[in-house]
Structure formats: C-alpha cells, structure tokens
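First listed ligand is number 1; within each ligand, the first listed atom is number 1.
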Amino acid sequence: MAYDYRPFPYAPPPGLTAPEPRHPVLIVGAGPIGLAMALELANHGVRSVVVDDNDVVSVGSRAICWSKRSLEIFARLGIAERCLEKGVTWKVGRTFHRDREVFNFDLLPEDGHRMPAFINLQQYYVEQYLAEAAIAHPLIDLRFKNRVTALSQSDHVRAEIGTPDGPYRLEAEYLLACDGARSPIRGLMGLDFKGELFEERFLIADIEMEADFPPERHFWFEPTFHPGQSALLHKQPDNIYRIDLQLGWDADPEAERQPDRVIPRIERVVGHSDFRLDWVSVYTFQCRRLDQFVHDRVIFVGDSAHVVSPFGARGGNGGMQDVDNLGWKLAAVLAGGPETLLESYDRERQHGADENIANSTRATRFMTPEDGAERVFRDAVLRLAGKAAFARAWVNSGRLSRPCTYPGLGPDADLPVGAAPGMVAPDAPVAEGWLQDQLRGWTLLAFNHDAPDVGLPVLHPTGDNARARYQGDAANALYLIRPDQVVAARWITATAAEVTTALSHHKEGRPWP
Ligand SMILES: O=C(O)CCc1cccc(O)c1
C-alpha cells in the first residue's frame, strides 16, 4: 500500500493585502521539527506562523525510528497514541557477521515505562499527524506554499515571503529555522557546517512485501548476500521494509538508484522477487554542525543545525530533543525572561549534537574503516565477537538514540544514577497514571520529604518503580524538574531557600557553578 500524498490547502496569507502585525515566532519548515516546535510553543501559550515552500508531507519514508524520548515528547504534542497505534514497536537488535549472530541487545529490558524503546514509523505519517494537530490548533497559523526569499534582523526579524499569489513581508520577534539539512535559511545567512564528510555511499530501499520478519533491528557486517559490505533491515507499518545497503565510494549514485540495479540486490537480501519497490535513495553521510545554533533572533533547530549518519537514529530524535529544550526557554524569553535562556539552549544542544556526532562518527568508522590499522582492528573485533564476550562491546553498528545528560546542572546528591541532574526525569506508573504526564512545568518531586513552599507544584509519587528510580536506598529525596522534564537539581533533603536558589539559577539558564 503506497502512502496517499494529499496536498495541504494553500490560502492567500493576510500579508498580501495589508501589513500583518508582528508575530512572536516565525517557524520556517513544516517538517517534523517545525511542526513539533509549533505545537510545543503552543503548549506554552505561544503563537506561531509556520511557513513551508511545499504542500505535502515528505516524499519517502526517510526517518523511521522514533525513540522512547521522542514518543514521550509526542505525548505532550498529542500525537503519541496515533504513532503507537500505527508504528511497529521494537526493542531488540541483532548484529551478524557473515551469517552468524555475534551480538544482540535489548534497549528496554525493564517494565514500568509507558513508551517502548522505539517504534518504526515512516516520517510521512509523523508529519501527517503533527500537521493535523497543528492545523487544528488555534495558536498555530500554518502556511503552505510560502517560501522565505530574504531575511534581515535587528531587534526583530523581517522576512520576505513568496507565494503563488506574489510576495509579502512578515515580521517576528524570533525566527526558528527548522528547514532541514539543506536549510535555505542557513544559506541566506551565509552559514556553513563544520565537521566530517564520509566517503561512502549507501542505498536505502523501502520495499513492500508479505513477510513474517520479527519487529527487530537486524544489522549485518559482510553478509553473504552482500559480500564485503554492511546491511541493515527494519520493519515498518503497511508491510514496508527498510533495507540500507553499503555500496562503496566508487558506486555511481544515479545508476544505483535504477530499479534494474536495485531489484537484484534486494532479491539477494530477501531471497525472492515477490516485493514492490516503494522508495529508493542513495546517500553519503556527514557528521557536522553549525558552530552556534543561536544567531541573535534566528535560531537553528534539528537538521538545519546538525546532521549525522542515519545509524543510531540520532537525526530526527536529536531534533526532537532540540524542540524539547527550546520550547519552554523561548516561551519564557517571550514572556520577559532573560535571553540567557537562549544561550543555555545553544550550550546544551551543542552538547547534545556533539554526543550524537561522536556516536555517529564512531559507528560510521567501524562500518567503513580506513585501510590499515582501522580495518585490521575492525575485522579482528568482528571475528572475535562470535567467540569472546569482551570483543562484543567494540562491535559498533550504531548506538541507538538516547537523550544526552546535560552537564553543569545540580546540586546533586547520592541518589539513583538514572535520575541525575541533566537527565530526563524517568517515567513511572503512579496512582494517577504516568508520572511524566504530571510534569508539565517546573515541579518538585518529593519522596518521604516535606514539601518546601517555593510556589511550585509538589508531587509525592507513589509506587515501587517511582521509588526505585528516584529514591533508591536513600531515606528521602527531593527533585526539581524543569518544564522539559529534565532533572535540574536533587537533594536528600533541602530547605525552601536552597530550592529557591537553584530554581532562580536555572530560570536564568545558567550552568550550576
Ligand atoms: O537502525 C538504525 O541505526 C537507524 C535506521 C535508519 C534510520 C533512518 C534512516 C535509515 O536509512 C535507517
């Protein structure tokens, strides 16, 4: 079943006939990041205009693996249920060398989490669900077939926008560039990425076939069906399977896209010819980023700010973590809060991007080692991994996306390692449902601790999972949680004055000294 691409309606924008009042936020790009950004800002009461030069969701399945953290964010944006219902849930990965399984992992072995480790769902479905939620939202003005052609900034941003009915001007307090890896906004501002380009080509083929392949990630080094290279297989909804095949740098991208080249390759992977090609692409990858994500009133979010190879699924998921981080900070700045909060977005998300780039680069080098020591090491690890457990830790087919731990948050106390300052506050089942559903602004979580009165809501979560994840063996515990559900600080016990000090520090977006 091929996805039914239906154009979203275009309407002539009001700016064509009369100047529009200045908008708080102009979001450029109605892909998953731009739409999620608009919904996240709307959750914080902020209006936005979203412009996109296109009027359909992205062509081809593109990003397909959505992490637990992205699903937790989608829950706040109102699309998680649809994604879970449609998506293929998985948590197990298996890595093979030739025909032998050398390594497997379970990304979420414990119970007591609402969201699974991952779902596979074509990007066009995620965009469709986000676009429908955005169209229905009174704080979001979504404008298709609107293209930013010029831009300048002073104490606000001015954009020239082209439409099928001619150009108009739009002013906004801030512009968020969510316009993807090829970001035209980056181009208009003369900015470029820094980092590594890999001399390797991969074929992505999405095929439709009836199969009882398990909902797992399978990765092969040097499989017999694709000698000397690597391959990856993922199951998606609608009987669609994603197959990534390493081709080598010498491969001719145009020729490799042609069905007469692709079909025999896929036949060798699946062992038959009973499939339909749904989407094919040939790509090279980069692990690169902008030096800075915040350029005065223009802020880069997602792939416009940083790009990684697909292995590890850190592109779309890393972008969602940008959205998570920026939403509450920009809302606070627009409400009169300090602009240092935007510096903290820049600092924290550069840290997140660097972690994603480092992981992605390591995996890429393991898959495409340079001749000499790198290849000798890689081949030795693969040969040993089937026999010796110690070598398995070095097998790297991509470490799958997890949110980073932001440094410099605190204070910290000797409490469970999985809920340290800078980490996402772990979810847990509680009497009222799920803990994260109740973390929708600055919140205190108190365990066997009197609630210090600092003007914040205080929760006393019950249940074994919550206690184990937050209190552990300690007699008491108190946590300060940010609006993006990140642990800002924690104590065994704290006074109201100590909590107020930490809170004011974090509300200014400063790292803990
Ligand atoms: O399993 C992985 O490491 C990621 C799979 C993936 C994600 C996005 C595109 C793609 O071709 C593969």
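- A cation-pi geometry, defined here as NZ or CZ lying under 6.0 Å from the six-membered ring centre and within 45° of its normal, does not hold between Arg98 and Trp220.
- Under a 4.0 Å N-O distance rule, the pair Lys235/Glu216 does not qualify as a salt bridge.
- The list of side chain to side chain donor-acceptor pair (under 3.5 Å) pairs with a residue in residues 378-398, not counting sequence neighbours, reads Arg217-Ser397.
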For ligand 1, run through the N/O pairs with the protein that fall under 3.5 Å and put one pair on each line.
residue, atom, partner, partner atom, Å
ligand 1, 1 (O), Arg217, NE, 2.6
ligand 1, 1 (O), His234, NE2, 2.7
ligand 1, 3 (O), Arg217, NE, 3.4
ligand 1, 3 (O), Arg217, NH2, 2.8
ligand 1, 3 (O), Gly312, N, 2.7
ligand 1, 11 (O), Arg242, NH1, 2.8
ligand 1, 11 (O), Asp244, OD1, 3.1
ligand 1, 11 (O), Asp244, OD2, 2.8

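- Side chain to side chain, Trp90 and Asn120 meet the donor-acceptor criterion of an N or O pair below 3.5 Å.
- Of the candidates Phe293, Phe193, Phe300, Phe293 is the only one forming a ring-ring contact (aromatic ring centres under 6.0 Å, His included) with His306.
- Among Arg69, Arg349, Arg289, the one residue that satisfies the salt bridge (Lys or Arg N to Asp or Glu O under 4.0 Å) test with Asp322 is Arg349.
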